[in-house]
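Everything numeric in this text was worked out from a predicted model, so none of it was measured.
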Amino acid sequence: MSNDGALPFGLTLEVRDACLCLHVQRAARALARRFDDELRPVGLTSGQYSLLMALNRPSPAAIREVTHVLAMDRTTLTANLKPLERRGLVAIAPDPADRRSRRLTLTMAGREALAAAVPIWRRVHGAIEARLADPDALRAGLVALGGSATAGE
């Protein structure tokens with residue numbers, strides 16, 4: 001295949017060095033790997049920890065609420081819930097107000113798994129924050145880009 005009309009390699013270097021999307025994706029993958037490694041002893045991944053934490057609320061959560069908090073689509077959430085439900089960490093039940101909808105609840109086993117994971121999360125999170133010059137500014141910047149939602153929404 002001809003290389004005629006190919007984009008200059010300098011453009012590749014520009015994107016590699018400047019692209020915010022690329023840098024956020026790389027950082028997110030590195031953070032997820034670190035948390036995955038640390039949470040392995042309690043049998044959770046970083047994504048499962050986040051999902052269980054999103055369900056840690058006073059009343060059962062509607063699927064749409066959880067998709068909003070975790071910024072994921074319904075199909076992805078459903079796929080992520082299945083192994084947690086099989087392990088007995090999450091219960092999925094029809095919504096009493098709308099039988100077509102589902103409500104998600106942490107089971108006792110889910111609460112126990114989450115409780116075991118919290119000290120690990122705190123330790124790792126603290127170590128990561130300690131490496132950052134201004135973690136609050138980073139959080140504020142990510143929130144400004146649309147990366148935050150409250151758990152109670």
Can you list every pair that meets salt bridge (charged side-chain N to carboxylate O under 4.0 Å, His left out) and has a residue in residues 127-141, with sequence neighbours left out? E129-R139, D136-R139
Gap separating the CZ atom of R57 from the OG1 atom of T105, nearest 0.5 angstrom: 10.0 Å
Taking every non-hydrogen atom, the tightest pair across V42 and A117: CG2-CB, 4.0 Å
Tell me every residue that passes side-chain contact (heavy atoms from CB on, under 4.5 Å) with R16, counting only those two or more places apart in sequence or in another chain. L13
Spacing of L77 atom CG and L104 atom CG [to the nearest 0.5 Å]: 6.5 Å
Selection residues 117-126 - residue pairs positive for side-chain hydrogen bond (donor to acceptor under 3.5 Å, both in side chains), sequence neighbours left out: E38-R123
Please list, chain by chain and in numerical order, all residues satisfying side-chain contact (heavy atoms from CB on, under 4.5 Å) with A109, sequence neighbours excluded. L89, T107
Please give me the minimum heavy-atom distance between A79 and P83, naming the atom from each residue. O-CD, 3.2 Å
Apply side-chain hydrogen bond (donor to acceptor under 3.5 Å, both in side chains) to R102 and list each qualifying residue two or more places apart in sequence or on a separate chain. none
With rounding to the nearest 0.5 Å, note down the distance linking CG in L51 to CG in L44. 10.0 Å
Only counting residues at least two apart or in another chain, list the ones meeting side-chain hydrogen bond (donor to acceptor under 3.5 Å, both in side chains) with D17. none
Flag the pair L7 / T12 as yes when at least one side-chain heavy-atom distance between them is below 4.5 Å, and no otherwise. no
Which atom names give the shortest non-hydrogen contact between S50 and L70, and what distance separates them? O-CD2, 3.9 Å
Report the distance from atom CG of L81 to atom CD1 of I63, rounding to the nearest 0.5 Å. 6.5 Å
Give, for atom OG of S59 and atom CD of E65, the distance between the pair rounded to the nearest 0.5 Å. 7.0 Å
What is the distance from atom SG of C19 to atom CD of Q25, rounded to the nearest 0.5 Å? 7.5 Å
Is there any salt bridge (charged side-chain N to carboxylate O under 4.0 Å, His left out) pair reaching into residues 88-99, and which pairs are they, with sequence neighbours excluded? D95-R103, D98-R100
Show, in sequence, the C-alpha distance, side-chain angles and deciding distance for Q48 and L39, and conclude whether the side chain to side chain contact (heavy atoms under 4.5 Å, CB included) test is met. CA-CA 10 Å; Q48 290 170 334; L39 291 168; over 6 Å; no
Minimum heavy-atom distance between P41 and D37, given as atom pair plus value: CD-O, 3.9 Å
Single-linkage hydrophobic cluster, 4.5 Å side-chain cutoff, I120 and V118 together: yes
Who pairs with I128 by side-chain contact (heavy atoms from CB on, under 4.5 Å), at least two apart in sequence or on another chain? L31, R34, F35, V124
So salt bridge (charged side-chain N to carboxylate O under 4.0 Å, His left out) across residues 71-91, not counting sequence neighbours, yields none
Within a 6.0 Å radius of atom CG on L20, are there more than 12 heavy atoms belonging to other residues, nucleotides or ligands? no
Sorted by first residue and then second, give each salt bridge (charged side-chain N to carboxylate O under 4.0 Å, His left out) pair with at least one member in residues 106-121; sequence neighbours left out. none
Quick one: salt bridge (charged side-chain N to carboxylate O under 4.0 Å, His left out) partners of D36, sequence neighbours excluded? none
Please identify each residue that fulfils side-chain hydrogen bond (donor to acceptor under 3.5 Å, both in side chains) with T67, with sequence neighbours left out. none
